[in-house]
Amino acid sequence: MDKNKGFFESVYDVVELIPHGRVTSYGAIAKYLGSGGAARMVGWAMNACHSSEKNIPAHRVVNRLGMLSGKSHFGHPDIMQRLLENEGLTIFNDQIQNFEKFFWDPAKEL
DNA sequence: AGTCTGACTAGTA
DNA sequence: CTACTAGCCAGAC
């Protein structure tokens, strides 16, 4: 990875690579970045995604259960679910249905 | 330089 | 089943 880039930039870079209609988990990204179980860092980077000029599809990043844990950070809790549904995903009770089917692992796909 | 925090995860009770 | 604990690590104070 480019060490000139901060941890955030690295996370954004991976998140931007998530294919349309796919999702991944914080842990998967953390692992890909070599941070191991530092899934918190990924979520934290997302919390600061507003600092990036890029359009970060943070709605495609959820916890390992496919639950929309970060929906509250989108300005309004419904935005995240709405974006995911717009990409063909099904959300029920704040949880992605068939999550395994739509899961995208950067460590494997890249 | 030390302490606190967090959109997580895995393990234990 | 739910509740709680500990580990994780980079950035803000």
Side-chain angles (χ1 to χ4, degrees):
Chain A
M1 300 304 287
D2 190 337
K3 40 194 173 178
N4 288 343
K5 289 197 282 190
F7 185 82
F8 294 172
E9 291 281 333
S10 298
V11 174
Y12 303 152
D13 207 35
V14 176
V15 174
E16 285 186 291
L17 293 174
I18 301 174
H20 182 275
R22 295 296 196 95
V23 291
T24 191
S25 68
Y26 301 99
I29 295 173
K31 185 178 181 182
Y32 175 73
L33 293 177
S35 299
R40 292 182 163 200
M41 301 300 86
V42 178
W44 185 33
M46 292 290 92
N47 189 28
C49 74
H50 297 289
S51 298
S52 178
E53 299 176 6
K54 299 178 181 179
N55 180 22
I56 311 301
H59 59 278
R60 293 181 186 149
V61 185
V62 296
N63 69 10
R64 79 176 192 88
L65 298 178
M67 185 155 62
L68 310 188
S69 50
K71 67 172 186 170
S72 300
H73 295 265
F74 282 80
H76 189 285
D78 294 340
I79 298 175
M80 187 173 190
Q81 177 175 335
R82 198 166 174 180
L83 288 170
L84 288 169
E85 290 181 326
N86 188 43
E87 298 193 359
L89 291 167
T90 302
I91 313 300
F92 179 74
N93 194 20
D94 293 339
Q95 196 171 329
I96 298 174
Q97 303 302 295
N98 301 313
F99 177 60
E100 296 180 17
K101 184 177 177 183
F102 296 104
F103 184 70
W104 181 83
D105 187 351
K108 293 180 180 178
E109 302 295 334
L110 304 178

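Heavy atoms only: backbone and side chains are in, while hydrogens, waters and symmetry mates are out. Order of the sequence lines sets the chain letters (A, B, ...), proteins ahead of strands, with each chain counted from 1.
- Atoms CD1 (A/I96) and C1' (B/dA7) sit 13 Å apart, rounded to a whole Å.
- Of the candidate nucleotides B/dA7, C/dC9, C/dA10, C/dC9 has the atom lying nearest to any side-chain atom of A/A38.
- A/F102 meets the ring pair (Phe, Tyr, Trp, His ring centres under 6.0 Å) test with no other residue; sequence neighbours excluded.
- Atom NZ of A/K31 is separated from atom P of C/dC9 by 14 Å (rounded to the nearest Å).
- Scanning all heavy atoms of the two residues, the minimum distance from A/V62 to A/F99 falls at CG2-CE1, 3.6 Å.
- The side chain of A/R64 has B/dT9 as its nearest neighbour among B/dT9, B/dA7, C/dA10.
- Computed from coordinates, the A/N47 CG to C/dG11 C1' distance equals 12 Å when rounded to whole Å.
- Within the 3.5 Å criterion, the main-chain N or O of A/A107 finds no donor-acceptor partner in the side chain of A/E109.
- Remark: P of C/dC9 and CZ of A/F8 are 16 Å apart, rounded to the nearest angstrom.
- Within 4.0 Å of A/A30, counting heavy atoms only, lies no atom of the nucleic acid at all.
- The pair A/E87-A/R60 meets the salt-bridge criterion, with a side-chain N (NZ, NE, NH1 or NH2) lying under 4.0 Å from an Asp/Glu carboxylate O.
- Note: the hydrophobic cluster containing A/L110 also contains A/Y26 (ILVMFWY, side chain heavy atoms under 4.5 Å, direct or indirect links).
- With rounding to whole Å, A/W44 atom CH2 is found 13 Å from C/dC8 atom C1'.
- In the set C/dA10, B/dA7, B/dT9, the nucleotide with an atom closest to the side chain of A/N63 is B/dT9.
- Listed here is the closest heavy atom pair of A/L65 and A/Q95: O-NE2, 3.7 Å.
- Going from atom CE of A/M46 over to atom P of B/dA7 covers 13 Å, rounded to whole Å.
- DNA chain B forms stems at B:2-6 with C:9-13, B:8-13 with C:2-7, each a run of 3 or more consecutive Watson-Crick or G-U wobble pairs whose two key distances fall under 3.5 Å.
- Rounded to whole Å, atom P of C/dA10 lies 16 Å from atom CD1 of A/I29.
- Between B/dT9, B/dA7, C/dG11, one nucleotide has an atom nearer to the side chain of A/S25 than all others, and that is B/dT9.
- If you chain together hydrophobic residues whose side chains sit under 4.5 Å apart, A/I79 and A/I56 never meet in one group.
- At whole-Å resolution of the value, OH in A/Y32 and P in C/dC8 are 23 Å apart.
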